[in-house]
Novice: 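Quick one: the structure is below, questions incoming.
Everything numeric here is computed off the predicted structure, so don't read it as measured data.
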Amino acid sequence: MMRAASRIVGLFTYGNRPWAAQLLLLLPAIALMGVVYLGGLLIFGRYSFDLYDNGSLIRDWNGQAYRAFLTDPYYWTLIGTTFRVAAKVTFWSLLLAYPLAYCMAGLRRPGLKQTLLLLTFLPLLVSAVVRSYGWQLLLSRQGFMNWLFIHLGLTDHGFNMMYNETGVVIALVHIFLPFMVFPLLNVLSQSDNQLKAAAHDLGAGKWRTFFTITFPLSARGIASGVQIVFTLCLTAFTTPQLIGGGRVMTLPVFIYQRTLDTNWPMAAVASIFLFVSSIAVSLIVNKGADWLMFRRARQGRI
């Protein structure tokens with residue numbers, strides 16, 4: 001059997017075709033992605049041209065759902081809420097993750113570093129539903145957070161952090177923070193310490209060394225983290241549904257509701273919009289990181 005497998009691989013690597021063996025190894029994954037992912041997109045694309053009339057779905061080739069989605073101010077309000085929540089979560093995740101990743105990258109004690117990595121990774125081991133219910137207990141009027149704020153004298157009656165955008169952002173930051181930490185940690189751990197030493201020898205202080213050496217070199221990690229967190233926030237459903245309580249309407253929650261109402265054309269259009277938006281955000285962030293690296297390289301700063 002091993003000899004037969006070797007002959008099959010040999011057929012694909014004969015002559016000037018070494019790429020064929022790599023293609024053979026990728027075929028199972030490509031086939032799975034093509035059937036499950038692209039097939040689902042094609043089905044959604046077909047549903048987006050159907051008609052929804054008085055609770056019934058009519059098979060047709062019509063662009064009514066697209067026109068309604070792109071011209072009705074209600075849907076643009078949904079889009080604005082979705083992108084605003086994603087931007088807030090991405091900003092706070094980056095603000096919290098960068099110092100953590102920077103400190104972990106500079107640790108010289110492997111045991112402490114592994115402990116911090118484990119603590120950062122732990123939220124990913126718990127279901128998003130469980131974490132969301134946990135945040136409900138923490139953020140409610142009688143929850144621990146308000147109890148703490150009242151005893152610290154920050155408020156008399158507690159803050160309203162449930163069923164609004166603030167609670168959704170707090171919960172999503174906790175959920176997606178590891179996805180920002182790990183790309184940053186990977187880039188910061190691979191940075192050349194000799195560049196920092198050279199900057200210090202030339203008279204640069206810690207802050208100037210950070211902003212001229214460390215931060216620009218971590219641009220690729222920042223871009224990766226922003227891409228991951230922002231796109232995950234765009235498609236987050238469980239946390240906005242549970243923490244928002246139906247009052248924070250984002251596109252994933254809207255898609256779920258329209259699916260239950262059998263308004264599949266509108267759900268399909270919103271899903272396609274999310275898909276295109278995620279790709280656009282990834283391309284813009286990549287181009288921004290490339291432009292920053294190229295600009296600083298031409299100036300001789302990195």
Novice: Quick one, Val173 and Leu96 - any side-chain contact, counting heavy atoms below 4.5 Å?
Specialist: yes
Novice: Working to the nearest 0.5 angstrom, can you tell me the gap between Ile43 CD1 and Trp264 CH2?
Specialist: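 Going from CD1 on Ile43 over to CH2 on Trp264, the span is 10.5 Å.
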Novice: Please assess Met266 against Phe69 for the test side chain to side chain contact (heavy atoms under 4.5 Å, CB included), listing each intermediate value before the final yes or no.
Specialist: CA-CA 7 Å; Met266 191 57 69; Phe69 187 82; 4.0 Å; yes
Novice: Under 30°, 30 to 60°, or over 60°: which ring-plane class applies to Phe159 and Phe149, parallel, tilted or perpendicular?
Specialist: perpendicular
Novice: At their closest point, which heavy atom of Phe121 faces which heavy atom of Leu125, and how far apart are they?
Specialist: CE2-CD2, 3.4 Å
Novice: Test Tyr66 against every option in Phe49, Trp61, Tyr75 by the ring-ring contact (aromatic ring centres under 6.0 Å, His included) rule and name the one that passes.
Specialist: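 Single pass found, and it is Phe49.
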Novice: State whether a side-chain donor-acceptor pair under 3.5 Å links Thr239 with Ser132.
Specialist: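 Their side chains do contain a donor-acceptor pair, which is all the 3.5 Å distance test asks for.
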Novice: About how many Å separate CE of Met162 and CZ of Arg141, when rounded to the nearest 0.5 Å?
Specialist: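 Atom-to-atom, Arg141:CZ and Met162:CE are 11.5 Å apart.
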Novice: Linking I/L/V/M/F/W/Y whenever any side-chain heavy atoms sit under 4.5 Å apart, do Ile228 and Met104 land together?
Specialist: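 Same hydrophobic cluster.
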Novice: Side-chain heavy atoms under 4.5 angstrom apart, residues restricted to Ile, Leu, Val, Met, Phe, Trp, Tyr: same cluster for Val226 and Leu188?
Specialist: yes
Novice: Minimum heavy-atom separation for Asn164 to Asn160, with atom names?
Specialist: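 Closest approach of Asn164 to Asn160: ND2-O, 2.7 Å.
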Novice: Taking it one step at a time, do Arg84 and Glu165 satisfy salt bridge (charged side-chain N to carboxylate O under 4.0 Å, His left out)?
Specialist: CA-CA 10 Å; Arg84 184 173 62 250; Glu165 202 169 294; 2.9 Å; yes
Novice: Only one of Val269, Asn263, Thr262 forms a side chain to side chain contact (heavy atoms under 4.5 Å, CB included) with Pro265, so which one is it?
Specialist: Asn263
Novice: Using a 4.5 Å cut-off on heavy atoms from C-beta on, say whether the side chain of Phe230 contacts that of Phe176.
Specialist: no
Novice: Begin from the C-alpha positions of Thr235 and Thr231 and carry the test side chain to side chain contact (heavy atoms under 4.5 Å, CB included) through to its verdict.
Specialist: CA-CA 7 Å; Thr235 57; Thr231 53; over 6 Å; no
Novice: Between Leu185 and Leu100, is any pair of side-chain heavy atoms under 4.5 Å apart?
Specialist: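 No, every pair of side-chain atoms sits at 4.5 Å or beyond.
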Novice: According to a hydrophobic-cluster definition based on side-chain heavy atoms being under 4.5 Å apart (Ile, Leu, Val, Met, Phe, Trp, Tyr only), do Leu137 and Val168 belong together?
Specialist: no
Novice: So does Arg109 have more than 12 non-hydrogen atoms from other groups sitting under 6.0 Å from CZ?
Specialist: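 No, the 6.0 Å shell around CZ holds no more than 12 heavy atoms from other groups.
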Novice: Less than 4.5 Å apart, side chain to side chain, heavy atoms only: is that true for Tyr98 and Ile222?
Specialist: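 Tyr98 reaches Ile222 side chain to side chain.
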Novice: Taking C-beta and beyond as the side chain, do Arg258 and Asp261 meet within less than 4.5 Å on heavy atoms?
Specialist: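 Side-chain contact under 4.5 Å: yes.
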Novice: Mind checking whether Leu94 and Leu184 have side chains closer than 4.5 Å, heavy atoms only?
Specialist: yes
Novice: Side chain to side chain contact (heavy atoms under 4.5 Å, CB included) between Val85 and Leu172: does it pass, once the steps are laid out?
Specialist: CA-CA 9 Å; Val85 170; Leu172 286 176; 3.9 Å; yes
Novice: As an exercise, state the distance from CZ of Phe182 to CG of Leu117, rounded to the nearest 0.5 Å.
Specialist: 6.0 Å
Novice: Determine whether Leu232 and Phe179 make a side-chain contact, defined as any pair of heavy atoms from C-beta on separated by less than 4.5 Å.
Specialist: yes
Novice: Determine, step by step, whether Thr82 and Leu234 satisfy the side chain to side chain contact (heavy atoms under 4.5 Å, CB included) criterion, reporting the C-alpha distance in whole Å, the side-chain angles of both residues, the deciding distance to 0.1 Å, and the verdict.
Specialist: CA-CA 6 Å; Thr82 304; Leu234 283 181; 3.8 Å; yes
Novice: Under a 4.5 Å cut-off applied to non-hydrogen side-chain atoms, are Leu51 and Gln64 in contact?
Specialist: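 Yes; the side chains approach each other to less than 4.5 Å.
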